[in-house]
2 protein chains.
Amino acid sequence: MSDTPDPALPERRRGSGARMVYELLRDESLDMVLPPGAPIDEIQQAERLSISRTPIREALVRLAGEGLVTMLPNRSTVVSTIDFANLNAFFDALTLMYRVTTRAAAECHTSADMDRIRARQRVFAAAVAAGDAPRMIVCNRDFHVAIAEAGRNPYYTQLFTRLLDEGRRILRLYYYPSFEARLPHPYIVEHEAIIAAVEARDLALCDRLARDHADQIVRQIQGMIAQDRRQHIDL
Amino acid sequence: MSDTPDPALPERRRGSGARMVYELLRDESLDMVLPPGAPIDEIQQAERLSISRTPIREALVRLAGEGLVTMLPNRSTVVSTIDFANLNAFFDALTLMYRVTTRAAAECHTSADMDRIRARQRVFAAAVAAGDAPRMIVCNRDFHVAIAEAGRNPYYTQLFTRLLDEGRRILRLYYYPSFEARLPHPYIVEHEAIIAAVEARDLALCDRLARDHADQIVRQIQGMIAQDRRQHIDL
DNA sequence: TGCATTTTATTTGTCGACAAGATTTCGACG
DNA sequence: CGTCGAAATCTTGTCGACAAATAAAATGCA
């Protein structure tokens with residue numbers, strides 16, 4: 001089996017166990033290390049992380065609350081599958097959250113928020129320059145989360161974060177094969193425009209830019225899915 | 001203390017324990033039986049429900065994920081306080097969800113959805129006729145949740161449900177004193193109008209009606225809060 | 001050989017217990 | 001009398017174990 005018992009984790013602080021397991025399983029799910037539909041055995045994970053089943057279970061309950069895993073009663077827990085039937089609903093919600101969080105940021109942002117946003121944009125640009133696709137995905141997420149946090153609406157921020165993470169899974173599924181072909185530089189330009197509009201507190205412009213940005217991302221994902229479909233038909 | 005050890009619950013099915021505790025603590029939090037800020041002692045709850053601490057803890061983790069309780073590391077778990085500083089954000093998100101769920105329902109609803117929505121509306125009207133304020137709050141929530149479910153966007157539905165439940169807490173806090181003075185019948189008329197607009201698939205009308213409906217509810221809550229403030233100042 | 005049924009085995013849901021961390025109580029000292 | 005510090009108490013976080021429920025394997029039968 002692929003049990004890789006990490007030997008270097010004897011020192012753990014009390015109370016950090018469940019959180020660490022949560023973050024680990026969360027990242028492994030989002031990064032497709034644990035592919036959708038894969039069963040998560042509690043005992044197996046407990047042995048892998050040299051920890052009891054209790055923190056494992058707590059992490060799984062949390063992940064189930066976020067919809068990342070599905071706990072089947074009295075049966076195994078599995079990584080949630082990507083529901084392609086509800087993909088339109090996903091795009092719809094994602095686009096809406098892009099818009100409202102950017103608008104809210106334009107309304108409420110402080111100079112400290114702008115500093116954080118610009119810092120994220122720099123990191124994103126660096127990832128683009130390095131051609132590091134997975135890092136680009138994460139940094140793009142962080143950039144927009146920073147904008148959402150500047151909007152100071154935790155309801156929007158939480159849903160938006162969840163949607164961006166869900167998108168991270170989808171991109172992981174499709175982005176790799178066609179990465180070299182696409183130039184991600186337009187995203188940098190769009191980000192800069194969004195930053196300027198937020199700072200100028202131009203709500204209408206923010207709404208339009210966010211909508212365009214979202215539509216472009218949605219179209220790109222849809223295109224990748226369609227291309228993937230064609231490839232499968234060709235086989 | 002007010003420990004009321006329920007004597008009539010010896011028969012429990014395996015796997016239902018955690019869910020039952022979750023639903024119980026959830027309802028008690030939303031109904032203000034557990035007021036905001038109240039600490040939730042795991043051992044105390046375990047004794048009260050004649051159950052181990054493990055399912056209690058699982059329920060608390062789930063509730064913490066929904067923001068209903070706050071788990072302080074190595075300290076007690078408390079019922080989340082109502083954050084009046086973010087009340088504007090709450091109203092903002094609530095209004096938006098009213099709009100988008102009603103619009104989505106207009107787009108996607110089936111005849112079975114309409115039956116369910118009308119059934120909820122009948123129950124709501126019955127609660128209004130009976131003058132049962134807490135039941136009205138719950139039935140109003142169920143009515144709009146049914147509309148949201150007809151929209152078939154689980155992201156919207158989940159956030160909307162959470163917001164409506166949060167509103168249930170706020171209404172529980174303010175609605176009782178001033179209930180007799182207000183006539184809730186306009187809500188019935190507005191609901192009927194929304195039903196008609198959804199069935200006619202008139203997106204623009206749905207959006208307008210939902211916005212008006214939300215604005216009216218928001219204004220009513222704000223009025224109750226303002227009245228409450230005045231009363232406190234008068235003392 | 002194929003299908004139904006019993007038996008085994010694995011995995012979860014729950015339990016009681018123990019230790020770390022925090023809070024409170026109590027006592028010493030200025 | 002008030003303040004600081006130490007002991008006691010309490011609560012949580014984690015652990016190992018057991019039983020119910022399911023899944024898998026083995027057995028019997030047509």
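For A/Asp165 and A/Arg162, the salt-bridge test fails: no basic side-chain N is under 4.0 Å from an acidic carboxylate O. Ion pairing between a basic and an acidic side chain is recognised when a charged N comes within 4.0 Å of a carboxylate O; A/Arg48 and A/Glu28 show such pairing.
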Test log, rule salt bridge (charged side-chain N to carboxylate O under 4.0 Å, His left out), inputs B/Arg168 and B/Asp31 = CA-CA 8 Å; B/Arg168 185 170 151 196; B/Asp31 290 339; 2.9 Å; yes
Check the pair A/Arg118 / A/Gln121 against side-chain hydrogen bond (donor to acceptor under 3.5 Å, both in side chains), numbers first and verdict last.
-> CA-CA 5 Å; A/Arg118 287 209 186 79; A/Gln121 168 68 351; over 6 Å; no
Are B/Asn74 and A/Arg14 close enough, and set up right, to give a side-chain hydrogen bond (donor to acceptor under 3.5 Å, both in side chains), and what steps lead you there?
-> CA-CA 8 Å; B/Asn74 281 322; A/Arg14 174 188 173 83; 3.1 Å; yes
Step by step, work out the side chain to side chain contact (heavy atoms under 4.5 Å, CB included) result for B/Asp113 and B/Glu149.
-> CA-CA 8 Å; B/Asp113 293 324; B/Glu149 283 172 348; over 6 Å; no
Let me see the working for A/Leu96 and B/Val100 under side chain to side chain contact (heavy atoms under 4.5 Å, CB included), right down to the final yes or no.
-> CA-CA 9 Å; A/Leu96 183 66; B/Val100 296; 3.6 Å; yes
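Rounding to whole angstrom units, CD of residue B/Gln44 and C1' of D/dT12 are separated by 14 Å. One interatomic measurement links the two molecules: CD1 of B/Ile56 to C1' of D/dT14, which rounds to 18 Å at whole-angstrom precision. We find that CD of A/Gln45 is positioned 14 Å from C1' of C/dT11, with the value rounded to whole Å. Summarising the geometry, the separation between CG on B/Asp41 and C1' on D/dT9 is reported as 13 Å, rounded to the nearest angstrom. What separates CZ of A/Arg19 from P of D/dT12 is a distance of 16 Å, to the nearest Å.
Contacts of A/Leu60 with the nucleic acid, taken as non-hydrogen atoms under 4.0 Å apart, are absent. A/Glu58 comes within 4.0 angstrom of nothing in the nucleic acid, heavy atoms only.
A/Val123 is not listed as a side-chain neighbour of A/Phe143, based on a closest heavy-atom distance of 4.5 Å or more.
In B/Arg26, the CZ atom is crowded: over 12 heavy atoms of neighbouring residues, nucleotides or ligands sit closer than 6.0 Å.
Annotation: proximity of residues 66-77 of chain A to DNA chain D (heavy atom, distance under 4.0 Å) is found for A/Asn74, A/Arg75, numbered in ascending order.
Across the interface with DNA chain C, nearest-nucleotide mapping of A/Arg14 and B/Ala18 shows B/Ala18 to be the residue nearer the 5′ end.
Closest approach of B/Leu60 and B/Val69 over heavy atoms only: O-CG2, 3.6 Å.
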At a cut-off of 3.5 Å, list every protein nitrogen or oxygen paired with a nitrogen or oxygen from nucleotides 5-8 of chain C, distance to 0.1 Å.
none

Sort me out a list of protein N/O and nucleotides 16-18 of chain C N/O pairs below 3.5 Å, or just none if empty.
none

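A donor-acceptor distance shorter than 3.5 angstrom exists from the side chain of B/Ser80 to the backbone of B/Leu68, with no hydrogens or angles considered.
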